[in-house]
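Working notes for the structure below.
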Amino acid sequence: MTTLTYREVKIEQIDEVTWVIPPVRGMRVPGKIYASRKMMESIIKEDESIQQVMNVATLPGIQKYSIAMPDIHWGYGFPIGGVAATDVEDGVISPGGVGYDINCGVRLARTNLTYESVQSRLEKLIQTLFQNVPTGVGAHGALRKLSRQEIKRVLRDGAAWAVEYGYGRPEDLERTEEQGRLQSADPDAVSQRAIERGQDQVGTLGSGNHFLEVQVVQEVYDQAAAQALGLFQGQIVVMIHCGSRGLGHQVCEDYLRVLADATRTYGIVLPDKQLACAPIQSREGRRYLGAMAAAANFAWANRQVIMGLARKSFMDALGISEKELGFRLVYDVCHNIAKVEEHRIDGTVKKVCVHRKGATRAFPPGHPLTPAVYRAVGQPVLVPGDMGRYSFVAVGTERAMEETFGSTCHGAGRVKSRHQALKEGKGKDLIGEMRKQGVIVQARGRRTVAEEMPYAYKDVSEVVDVMHKAGISKKVVRLKPVGVIKG
DNA sequence: ATGTAC
């Protein structure tokens with residue numbers, strides 16, 4: 001074991017994949033980072049994210065540790081790949097701890113199909129998906145434009161709204177984190193402008209790192225868990241990664257302003273303005289939590305509708321029945337959210353507000369919030385990688401409850417900036433290169449493809465392996481993309 | 001992430 005120095009602070013390695021930052025300069029708790037030594041060295045060099053872990057540790061009411069996953073990188077105020085739990089009674093809530101894309105998340109659907117059986121018709125399938133699921137920054141028009149009243153129902157009911165309209169089955173809800181609906185949602189706390197932005201965007205994918213991928217189960221690490229999740233080697237599955245679109249973005253923007261004022265009102269002293277926050281029990285704090293929950297519900301409805309569009313695309317493109325297809329939700333996780341949960345701290349169960357920003361809930365086998373169908377194996381964890389290599393499915397553990405407020409990593413993390421990736425991708429036939437590697441890509445813009453190419457990302461397997469070694473989440477399967485639609 | 005700047 002060893003130490004590394006960051007801005008004159010000695011970061012101590014406590015085991016192969018865990019590092020602790022001592023509480024210095026106003027930190028109320030230590031920092032804890034999961035990473036290999038190699039990763040840790042590059043994290044220290046790369047950006048401000050270690051400083052952000054330390055900044056988060058100064059927040060009023062923070063419990064145990066300011067935590068970061070191996071896919072940590074710089075974000076607005078809080079690092080992306082960070083977890084912070086604050087005491088519900090005397091702690092704060094911060095929009096920076098959730099991020100702009102409220103309930104950005106991932107959903108995985110399984111099918112009865114094998115790669116072998118669809119390989120020759122894959123081109124048509126990807127084209128059909130691209131036609132049916134609107135992609136791109138301003139993507140709109142998957143459904144008729146919804147009235148303001150209807151959007152309020154989306155904000156209140158989440159995924160259940162979409163199921164009611166035929167974009168899924170009631171059992172999908174049992175396989176969605178929080179059953180696809182936070183009851184604390186307060187649609188009246190969402191601005192008129194945010195609602196207007198959402199009216200035409202339910203069922204749209206968006207841009208950036210958002211995607212819909214047709215993938216193949218490439219390797220099974222845990223046969224029993226894979227079977228419980230309905231997964232098998234060679235199987236075709238669909239991964240959907242997107243969030244709350246313009247509506248969630250507007251909610252974040254609106255409340256950053258509100259909470260910047262609240263920070264002053266309540267006399268909270270912060271090392272960085274971007275950590276703007278308010279006591280959870282304050283009027284401003286409660287209102288943000290209500291609006292955030294409403295935006296989270298919008299994101300669940302969005303992913304549920306997209307899944308419905310994908311199901312229909314499969315049936316149409318392949319000319320098969322619903323029964324032959326066997327399209328079923330495996331699970332849907334949030335990557336960007338703050339939620340009130342119960343956790344054991346110093347031997348007593350306490351209500352805390354867990355901010356997960358670029359982190360995944362990873363509840364263990366037996367936990368009451370792990371769906372009954374997965375109670376024996378643990379809550380599924382979905383970790384997208386890059387569009388060329390692979391993504392992972394894992395499950396949560398008891399260790400996660402003890403050490404990370406039931407949380408694990410969420411993705412690969414960038415290794416190159418968007419700008420740098422764009423520069424290097426210029427003049428290259430990136431889509432052609434992907435095709436040679438067996439991945440059909442359909443995208444709205446060439447720029448997004450360049451920004452999102454595999455070389456722009458770290459190897460997600462290294463990230464997942466760190467969390468596996470730490471015992472926080474357990475690998476179940478690896479998924480290889482064969483078709484991608486993007487913004 | 002985002003009607004990529006009110």
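Chain naming here is simple, since letters A, B, ... match the order of the sequence lines and numbering starts at 1 in each. These numbers come from a predicted model, not from an experiment.
Rounded to a whole Å, the CD atom of A:Glu253 is 6 Å from the P atom of B:dC6. Atom pair A:Tyr100:OH and B:dA5:P shows a separation of 11 Å (rounding to whole Å applied). The CD atom of A:Glu451 sits 14 Å away from the P atom of B:dT4 (whole-angstrom rounding). In this structure, A:Gln250 atom CD and B:dT4 atom P are separated by 12 Å, rounded to whole Å. Between the CZ atom of A:Arg418 and the P atom of B:dT2 there is a distance of 9 Å, rounded to whole Å. The distance between atom CZ of A:Arg245 and atom P of B:dT4, rounded to the nearest whole Å, is 12 Å. In this structure, the CG atom of A:Asn336 is 11 Å from the P atom of B:dT2, given to the nearest Å. With rounding to whole Å, A:Arg257 atom CZ is found 10 Å from B:dC6 atom C1'.
Using a distance-only test at 3.5 Å, with no hydrogens or angles considered, no donor-acceptor pair links the side chain of A:Trp161 to the main chain of A:Ala301.
Within 4.0 Å (heavy atoms only), A:Arg447 reaches at least one base atom of the nucleic acid. In this structure, A:Gly246 reaches the sugar-phosphate backbone alone: every heavy-atom distance under 4.0 Å involves primed, P, OP1 or OP2 atoms, never a base. Residue A:Ser207 is in sugar-phosphate contact alone, with no base atom involved, counting any heavy-atom pair closer than 4.0 Å across all strands shown. As judged by a 4.0 angstrom heavy-atom cut-off over every strand, A:His140 is placed among residues making no nucleic acid contact.
Closest contact between the side chain of A:His249 and the listed nucleotides B:dT2, B:dT4, B:dC6 involves B:dT2.
Along DNA chain B, the nucleotide closest to A:His210 and the one closest to A:Val137 are compared, and the more 5′ of them pairs with A:His210.
In summary, the side chains of A:Glu284 and A:Tyr266 do present a donor paired with an acceptor at a separation below 3.5 Å, with no hydrogens or angles considered.
For the pair A:Arg311 and A:Phe314, the cation does not sit on the ring face, since its NZ or CZ is not both under 6.0 Å from the ring centre and inside 45° of the axis. Relative to the ring axis of A:Phe327, A:Arg110 does not place its NZ or CZ within 45° and under 6.0 Å from the centre.
Side-chain rings of A:Tyr76 and A:Phe78 stay apart, their centers remaining 6.0 Å or farther from each other.
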